[in-house]
Amino acid sequence: MRFDVVTLFPAIFDGYLTQSLLDKAIVRGLVEIQRHNLRDWAEDTPHRKVDDRPFGGGPGMLLQVEPTVTCVRDVDAMCDVPARKILLTPQGRRLDQRLAEDLATSDRIMLMCGRYEGFDQRVLDILQPEEISIGDFVLNGGEVAAMTIIDAVVRLLPGVLGDEQSSLDDSFSRGNRMLEFPQYTRPREFEGHTVPDVLLSGDHAAIAKWRAEQSRVKTIDRRRDLLPENSKPNHEHPNQRS
Ligand SMILES: Nc1cc(-c2ccc3ccn(Cc4ccc(CN5CCCC5)cc4)c3c2)n[nH]1
């Protein structure tokens with residue numbers, strides 16, 4: 001899979017791209033991440049301006065339609081595979097595991113990271129990107145949201161996580177909607193806190209039963225909304241794919 005990230009701050013991704021899981025996946029050719037600095041498509045030099053004040057007044061600045069549309073079209077044309085265009089915004093469809101699984105089926109994804117007060121509306125009207133939010137809070141730009149999407153998607157790609165780390169039985173994966181059971185490792189006792197005996201018993205049926213019960217109790221306590229009897233569809237954003 002290839003990600004193309006359009007951003008004013010490509011350096012924000014430096015540390016993230018060298019972290020082990022992603023670095024290994026890139027090295028193994030399972031994923032490719034290309035960054036594109038929107039400022040390289042600015043019309044006028046030397047200021048390389050890509051933002052301007054909103055018509056009608058209001059706070060802050062907006063990213064202008066001309067450099068953005070030109071940039072996205074040029075980036076899209078850099079590779080034969082057309083990119084699934086995603087614009088990060090607080091107003092988008094909420095990212096959840098189902099959407100991450102859907103994104104993981106794409107061959108190429110372009111992540112459009114805005115800054116300031118966002119993009120001129122005509123960027124959305126012309127390019128018709130899918131709009132995705134990572135939660136009901138306002139970040140300072142799209143880059144952290146873009147990294148979140150990359151993180152959630154890359155781990156789902158075949159071969160990225162070793163079999164022993166499979167994402168198959170994550171909470172939320174493949175329709176699983178229960179919270180995780182408590183997990184323990186050595187030592188068996190720490191400051192008087194011990195490991196539940198059942199986990200040391202070697203009785204795999206009893207362990208599975210205990211874990212299922214722990215998940216159920218935790219889910220009822222913290223996220224009743226996840227229980228099958230309470231589930232409701234994730235209302236898709238009007239311009240979202242099905
Ligand atoms: N899930 C999620 C995604 C983002 C996100 C993504 C991209 C950008 C680009 C710029 N911003 C900052 C920003 C500032 C102001 C407004 C508009 N105002 C907010 C409250 C009243 C009107 C919107 C946005 C982003 C934020 N945040 N949270």
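Residues take their numbers from the sequence shown, with the count starting at 1. Ligands are counted one by one from 1 in listed order, and the atoms in each one are counted from 1 as well.
- For atom 13 (C) of ligand 1, the nearest protein heavy atom lies under 4.0 Å away.
- The shortest N/O to N/O separation between G135 and ligand 1 falls below 3.5 Å.
- When only modelled atom types and interatomic distance are considered, E66 and T70 share a side-chain donor-acceptor pair under 3.5 Å.
- Checked by distance only, ligand 1 and S133 come closer than 3.5 Å through their nitrogen or oxygen atoms.
- Electrostatic pairing of R84 and D76 does not count as a salt bridge here, judged by no charged N lying under 4.0 Å from a carboxylate O.
- Nearest to atom 7 (C) of ligand 1 among the protein's heavy atoms is L88 O, 3.2 Å.
- Residues R155 and V160 approach most closely at CA-CG1, 4.2 Å, considering heavy atoms.
- At the shortest separation from atom 10 (C) of ligand 1 among protein heavy atoms lies Y116 O, 3.3 Å.
- Using modelled atom types and a 3.5 Å distance limit, the side chains of E143 and T7 yield a donor-acceptor pair.
- Between W41 and H36, the ring planes lie perpendicular to each other; the angle is over 60°, past the 30° to 60° tilted range.
- Taking only nitrogen or oxygen atoms, main chain and side chain alike, L139 reaches within less than 3.5 Å of ligand 1.
- When all heavy atoms of D120 and L62 are compared, the closest pair comes out as N-CB, 4.5 Å.
- Using a non-hydrogen distance threshold of 4.0 Å, F119 does not register as a contact of ligand 1.
- Within a 6.0 Å sphere centred on CZ of R186, other residues, nucleotides and ligands contribute 12 heavy atoms or fewer.
- With a 4.0 Å heavy-atom cut-off, ligand 1 is reached by the backbone of T89 but not by any atom from C-beta on.
- The shortest N or O to N or O distance between F137 and ligand 1 is under 3.5 Å.
- Considering only non-hydrogen protein atoms, atom 5 (C) of ligand 1 sits nearest to P90 CD, 3.7 Å.
- Nearest protein neighbour of atom 1 (N) of ligand 1, counting heavy atoms only, is I134 N, 3.0 Å.
- E117 OE1, 4.7 Å is the protein heavy atom nearest to atom 22 (C) of ligand 1.
- Between V138 and ligand 1, a contact under 3.5 Å exists for no N or O pair.
- Using modelled atom types and a 3.5 Å distance limit, the side chains of S133 and R94 yield no donor-acceptor pair.
- Closest approach of L17 to I26, counting heavy atoms only: O-CD1, 4.1 Å.
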